[in-house]
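Down below is the structure, laid out as C-alpha cells.
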2 protein chains.
Amino acid sequence: MRKNQDMLGEEQSGPLMADVARLAGVAISTVSRALANPGRVNAKTRAKIDAAAKQLGYTPNAMARGLRIGKSNIIMIILPGSLHYGASQIIPQVLQSINRSLIQGGHNLMIANLDRDEVSERHILDLAFGGTVRGAIILSSKLPEVDGRSLANAGFPIVSMLLDMSDAGFPSVVTNDREAVRDATAELIRLGHRRFLYIAGPEGNYHDVERYGGVVEALDQAGLTAEAVRRSGGNLDYQHGFEIGVQAASDFARLTDKPTAVIATSDDMAISFVSCVQRTGLSIPEDLSVVSFDGSPVCEFCSPSLSTIEQPVDEMGQAAVAILLGATGQMENGPATRTVIRSKLILRESMAGPKS
Amino acid sequence: MRKNQDMLGEEQSGPLMADVARLAGVAISTVSRALANPGRVNAKTRAKIDAAAKQLGYTPNAMARGLRIGKSNIIMIILPGSLHYGASQIIPQVLQSINRSLIQGGHNLMIANLDRDEVSERHILDLAFGGTVRGAIILSSKLPEVDGRSLANAGFPIVSMLLDMSDAGFPSVVTNDREAVRDATAELIRLGHRRFLYIAGPEGNYHDVERYGGVVEALDQAGLTAEAVRRSGGNLDYQHGFEIGVQAASDFARLTDKPTAVIATSDDMAISFVSCVQRTGLSIPEDLSVVSFDGSPVCEFCSPSLSTIEQPVDEMGQAAVAILLGATGQMENGPATRTVIRSKLILRESMAGPKS
DNA sequence: TTGTAAGCGTTATCAT
DNA sequence: ATGATAACGCTTACAA
C-alpha cells in the first residue's frame, strides 16, 4: 500500500503481509506463522487471518521469502542448445514431466540453454551462484565453468538425467541404454540379420559408449564379432539429428557388402535415414530393417512404422526431481547414485527378417 | 562469510558485496555502483573493485536485488498442457527462441503449465502476484483466474504469441494464418482440386477461425462455395495432435464424393492422417494432396515429403520478447498491438494435381 | 567521487 | 499463543 492504490496508476505491488495483519488485527509475525505453520497458531486467529488474506487477495512475495530463508524454490534444467533439435522429439515431454513433478512441492522450473559460448555459461553460473535457483537437472555432460567459478563444485545440488554422470559425482537418472540396445540387436540377429549399420550421435559420450556397447554385446553373445557392424555419424557432434541420418544414408550408399539392419541412436536420425534410402529405391523392412532410440510418438506414423526403444521419460523426470529435492543437503556423502529406469522396445513394421 | 568457509561444511552462501567492499577497501555502496553504473565511479576505484570481485568469485544475489528494486528478471511462458503434445513439434523452438532473446537483456525464462485444473492456475497466479516473474508470454487463450485473483488484470505485462488476443487487450504476435492458408488453398485450386477436407484443431478458437476462414476465402475467390470443404476434428479439443489425424482418416473413409485435397491445421494431424489413409491403399499425392501447418522439420522426411506452412517461430519469439520487455510500463495505453510475421508455404511432394 | 543509512517484504528469535 | 525486532543482501537517496 505504497501510494494511491485505487486512483488510476494501478501499478502497485499488491497487499502486503502487514496489510493482512492490520485487517485481521494481529501482529505481522502471527500472519507469517499462520500461513507457514498453521498448526502453531490458534484456530480462531488463523481463521481471521485466512479470511483477511483471502479478502485482500494476498500473495506472499517470493523474493522476500527467498532472501530471508536463503533458498529459492526454482530449479533449472540445463539443456545443451543442440538438444532442442537433436533428440528434440522428447524434450517437450521431459520438460512437462519435470515441471509437473516440481509443482507438487511448490517448486518452479527455469530453462537454461547451455550453448557453446561463454555468455551462456556465465549466465548459468550467475543463476546458480546468485541464488536464483536452488538446484539443477542437467541433460548435458559438460558443465559451465568460467572465471574460476564452476557449477561442479559449490555444493550446488545437481542431478543428471539421460546421461550417467555418477562417476563424476552427480546422481544420475538414466535408462538401461546398453541393455535395451543389446536386446534390440539380439532381436535383429534372431530375425536373421548378420551385418549392421550403427548410426551414432556424438562419439564417445555416454550414450554412444553404452549403446554401441550394447550392439557389440549382442553380437558377442551370438558368436559374431564387431566386424559385423559399421558405424556412421559420431564425428559430427552438435547438430540437427535429421542431418546425421541424411549423412548416414549417403555413407550407406557407398558401403560394399551392405548391412541388412540399421540401429540408429535417435528417432530423428532413423526418420531421415529411412527417407533417404527409400528414395534410392530400397524398401524397408524388405531390404533393410531399422530400429532406433527415443520412442517419439511420430514413429508410429512413419512409413513403415518405426520400431523404437521408448525412453521412460516421465518416470525419469519424476525420479530426477525426487532425487534433486531429496538431496538438498547431503551430496558428497557416498558415491552418487545411479537410477536406472528401463526402456521398452516397441516392435513395429521397420523390423523384419532379411530378404534372402 | 558466515561460518567456517574452508573447514569442511562448504555449504555457505558465497561472498557478499560486503566482502568485496572490504577487500577493495571501499564502502559497500560504492561496490554496488561500480557493478551497476561503472560510469559513475572513479576508474581506479572500479578497477580495485572489479579485481576484488573477481578474486572472490563474487556473484550478486538476485533475490536481494529483486526485492530491493521491486522487480524480477524472470519471464514466464504459459503453455497449455496439451500443447506439449499437440503442436509439440514447434514448442522446443519456441522455447529456445524466447530464451535466447531474453538472455540478451539479462532475463530468464520460467515454464508454467496451464492445465485444466485449479492447482496449475493457482500456481501461475502465485508466480505473478508473488513477484517471482515480471511478465508472461502466453500461448493459451484462457488465462488463470481463481479466488478473485486474475492474471488478466493486475497491470501484469502479458504478450500473446501464436494466438491473436489483441481484442482482449493483449499485444499479440501471430503469423498471417488466414492469408497463408488462403494461399495454400489457392494453390491447391490452381492444381485442379475442387473438393477439400479441412482438419481442425480446437473448434472456434483463433487458429480455427482464421485458418478455416482462409480456406473459404480461397474458395470464394475461385468461385467455389464452402460446400466444397468438409470439416473433421474440431470437436475434440485438447488432445494429442496425432489422434486427431487418425480420427480424420476414419472420417475420410466414410465420406462419399471424396475430397481430393486435405488441409490440416498442424503437421501432427497431417502425419497421422497420411499414415492412416496410405494404409487404406490410397497414394499421396496421386489420390489425395495434403498440406498442413507448422513447418516441423520432420515434414521434409515423410513419405511423401509434406508440404507445410512454416511458422516463423524464431522471429515470433523475438518479437514477443521485445514487446514484452518494452511494454513494461504502459499497457492500457491504446489498443493492443498486433504484430504479424508472415509464414512461408513450403511446397513438397504431398501436393500435386488430382488424378483424373 | 564516495560513504552512511534507510529500507524492500519476509522469517525467526526472543520475550511476553 | 502472540508480539516486537533483528536480520536476509542489495540499491539508492542523501550527506560528506
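Proteins come first, then strands; the chains are lettered A, B, ... in the order of their sequence lines, and each starts at number 1.
- To the nearest angstrom, C1' of C:dG3 lies 13 Å from NZ of B:K48.
- Judged by atom type and distance alone, A:R33 reaches the base of D:dG3 through a side-chain donor-acceptor pair under 3.5 Å.
- In this structure, B:R46 atom CZ and C:dT1 atom C1' are separated by 12 Å, rounded to whole Å.
- Side-chain polar atoms of A:N108 and B:H123 form a donor-acceptor pair below 3.5 angstrom.
- In this structure the side chain of A:I77 reaches within 4.5 angstrom of the side chain of A:L95, judged on heavy atoms.
- At a cut-off of 3.5 angstrom, counting only N and O atoms as typed in the model, there is a donor on one side and an acceptor on the other between the side-chain of B:S29 and the base of C:dT4.
- B:R100 has no carboxylate O lying under 4.0 Å from a charged side-chain N of B:D314, or vice versa, which leaves the two without a salt bridge.
- C:dC8 atom P lies 9 Å from atom CG of A:L16, rounded to whole Å.
- The rotation axes computed at either terminus of the helix from C:dT1-D:dA16 to C:dT16-D:dA1 lie 40° apart, taking five pairs at each end and rounding to 10 degrees.
- Rounding to whole angstrom units, CD1 of residue A:I28 and C1' of C:dG9 are separated by 7 Å.
- For B:R68 and D:dC8, the CZ to C1' distance is 14 Å, given to the nearest whole Å.
- The side chain of B:S32 places an N or O atom within less than 4.0 Å of a non-bridging phosphate oxygen (OP1 or OP2) of D:dT11.
- Distances shown here put every side-chain N or O of A:Y58 at or beyond 4.0 Å from the OP1 or OP2 atom of C:dG9.
- Rounding to the nearest 0.5 Å places NZ of B:K142 at 12.0 Å from CE of B:M165.
- Atom CG in B:N73 sits about 21 Å away from atom P in C:dC8, given to the nearest Å.
- Of the two residues near DNA chain C, B:T45 and B:A64, the one whose nearest nucleotide lies more 5' is B:T45.
- What separates CD1 of A:I69 from P of C:dG9 is a distance of 17 Å, to the nearest Å.
- Among the nucleotides D:dT2, C:dT2, D:dT12, the one closest to the side chain of B:V41 is C:dT2.
- The residue A:L67 sits close to a base: some heavy atom pair falls under 4.0 Å.
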